[in-house]
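Have a look at the structure below, then the notes.
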Amino acid sequence: MIPAAGTPPHADPGGVTVVLVAHGSRDPRFAVTARRLRDSVRVALAASAPGPSSPGPSTVVELAYLDFGTPTVAEMLGGLDGEVVVVPLLLGDAFHNRVDLPGIIADTARPGLRVHHTPVLADPSLTDALVDRLDEVGTRPGDGVLMAAVGASDPDADARTADRAADLEDRLRRRGHPVPVTVGFATRTASVEAAADDLLVRGCRRLVVAPWFLAAGTLTDRLERTLDSRDPPVVWVTAGPLGAHAAVVDVVVARVRDALDVHLTRSSGNSPGSLS
């Protein structure tokens, strides 16, 4: 455990440290969810079957933040040695993962610290988590699903989010819930309005929000205010965020194992590949 805010542990140099990197938020609900996910990952890794790519019993799992939280990623990496697997708790592969995080890793680089930066969490298996969250509130004929996500400055990242919405619509249809799904980017009020308009024009009588978010926070609140302020009023409900859903935990564990697989391959001299 971290002895004090902003004071990261010194891991056993013979083991592996997993650092889950969250974006952070001023909303305290975000940190609560991030800690819950960290704890679930600890349990899952401790229970994982042993093998060449298993982190092992000496694995430490910690949580750090890009913003709005402590310890920061720089503080965490500054107190670690040995093998460190950095897993971004991000659902989009955009600026934070491509620029911010690599920059912090480069700035904290030093002998004795070997950082393996995994891909973000966005994975087709998380569509099942979205479906489960929707099942918790229930979908019915006449509904339309507004998949709420963070917008990016990278059009390709937004396009990948739209692909996830298409996967969700297909998955719902195959499970007997043929309802339309449209993406609304919560960072852009106009996008949320357009998504709601699209579903209503298609005859939907109720909007069901499916948050493509790990946690509730300022952006989900903003989206809810946007829907509440519509004139004429619209009937809507919201599912919960992904949180520490088992599928999210499984993706984190898979990212760690994949990183260690690549590390072992590189160490054996079979491949010059990179983890970053």
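Quantities reported herein were computed from a predicted structural model and do not represent experimental measurements.
With rounding to the nearest 0.5 angstrom, the CG atom of Leu168 is 8.5 Å from the CZ atom of Arg171. Interatomic distance, CG of Leu121 versus CG of Asp250, reported as 11.5 Å (0.5 Å rounding). For the atom pair CG (Leu37) and OG1 (Thr33), the distance works out to 9.0 Å, reported to the nearest 0.5 Å. Between the CG atom in Leu91 and the CG atom in Asp93 there is a gap of 11.5 Å [rounded to 0.5 Å]. Between atom CZ of residue Arg133 and atom CH2 of residue Trp212 there is a gap of 12.5 Å, rounded to the nearest 0.5 Å. If you take CZ on Arg175 and CG on Asp128, they are separated by 7.0 Å, rounding to the nearest 0.5 Å.
When only modelled atom types and interatomic distance are considered, Ser25 and Asp27 share no side-chain donor-acceptor pair under 3.5 Å. Donor-acceptor pairing under 3.5 Å is recorded for the side chains of His245 and Asp132. Residues Asn97 and His117 have side chains that bring a donor and an acceptor to within less than 3.5 angstrom of each other. Under the 3.5 Å distance criterion, with hydrogens and angles disregarded, no donor-acceptor pair is assigned to the side chains of Thr127 and Asp167.
Nearest heavy-atom pair across Ala148 and Val209 is CB-CG1, 4.0 Å. Closest approach of His177 to Asp135, counting heavy atoms only: NE2-OD1, 4.4 Å. A pairwise comparison of heavy atoms in Ala215 and Arg29 identifies CB-O, 4.4 Å as the closest pair. What you find for Ala195 and Gly184 is that their closest heavy atoms are CB-CA, 3.9 Å. Among all heavy-atom pairs drawn from Arg38 and Leu20, the shortest one is CA-CD1, 3.7 Å. Heavy atoms only, all atoms of each residue included: Arg164 and Asp123 are closest at NH2-C, 3.8 Å.
The side-chain heavy atoms of Val87 and Val18, taken from C-beta on, include a pair separated by under 4.5 Å. Residues Thr238 and Glu224 form a side-chain contact, since some pair of their non-hydrogen atoms from C-beta on lies under 4.5 Å apart. Put simply, the side chain of Asp143 does not reach to within 4.5 Å of the side chain of Leu207, judged on heavy atoms. Between Val86 and Leu77, the closest side-chain pair of non-hydrogen atoms falls below 4.5 Å. For the pair Asp154 and Arg98, the minimum side-chain heavy-atom distance is below 4.5 Å. No side-chain heavy atom of Leu172 sits less than 4.5 Å from a side-chain heavy atom of Pro178.
Salt-bridge check for Arg188 with Glu193: failed, with every basic side-chain N at 4.0 Å or more from each acidic carboxylate O. Ion pairing between Asp197 and Arg230 holds under the 4.0 Å rule for side-chain N and carboxylate O. In summary, Asp39 and Arg36 do not engage in a salt bridge, as defined by a charged side-chain N under 4.0 Å from a carboxylate O. With respect to Arg174 and Asp170, a salt bridge is recorded, a charged nitrogen being found less than 4.0 Å from a carboxylate O. One finds no salt bridge joining Asp228 and Arg225 here, because no Lys/Arg side-chain nitrogen approaches an Asp/Glu carboxylate oxygen to under 4.0 Å.
Each of Val237 and Val234 belongs to its own hydrophobic cluster when Ile, Leu, Val, Met, Phe, Trp and Tyr are linked at side-chain heavy-atom distances under 4.5 angstrom. If you chain together hydrophobic residues whose side chains sit under 4.5 Å apart, Val137 and Val179 fall into the same group. When the side chains of ILVMFWY residues are joined at heavy-atom separations under 4.5 Å, either directly or via intervening members, Phe185 and Leu199 end up in two distinct hydrophobic clusters. Put simply, Val131 and Leu242 are part of the same group of oily side chains (I, L, V, M, F, W, Y) that touch within less than 4.5 Å, one to the next. Cluster membership check: Leu146 does not share its hydrophobic cluster with Leu130, using side-chain heavy-atom separations under 4.5 Å among Ile, Leu, Val, Met, Phe, Trp and Tyr.
Not one N or O on the side chain of Arg206 forms a donor-acceptor pair closer than 3.5 Å with the backbone of Cys204. Checking side-chain atoms of Glu75 against main-chain N and O of Thr72 turns up a donor-acceptor pair under 3.5 Å. Ser191 places no side-chain N or O within donor-acceptor distance of the main-chain N or O of Thr187, the cut-off being under 3.5 Å. Side chain of Glu169 to backbone of Val181: a donor-acceptor contact under 3.5 angstrom is found. Between the Arg42 side chain and the Val61 main chain, a donor and an acceptor come within less than 3.5 Å of each other.
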Could you walk me through whether Val21 and Leu89 satisfy the side-chain contact (heavy atoms from CB on, under 4.5 Å) test, starting with their C-alpha distance in whole Å, then the side-chain angles of each, then the deciding distance to 0.1 Å, before giving a yes or no? CA-CA 6 Å; Val21 175; Leu89 300 182; 5.9 Å; no

Asp67 and Arg26: CA distance, side-chain angles, deciding distance, salt bridge (charged side-chain N to carboxylate O under 4.0 Å, His left out) verdict: CA-CA 9 Å; Asp67 206 352; Arg26 293 186 178 92; over 6 Å; no

Should His96 and Val120 be marked as a side-chain contact (heavy atoms from CB on, under 4.5 Å) after you check the CA-CA gap, both sets of side-chain angles, and the distance that decides it? CA-CA 10 Å; His96 290 306; Val120 299; over 6 Å; no

What's the verdict on side-chain contact (heavy atoms from CB on, under 4.5 Å) for Thr17 and Glu83, showing C-alpha distance, side-chain angles and the deciding distance? CA-CA 6 Å; Thr17 303; Glu83 304 296 335; over 6 Å; no

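Phe30 and Tyr65 have tilted rings, their planes meeting at an angle from 30° to 60° on a 0 to 90° scale.
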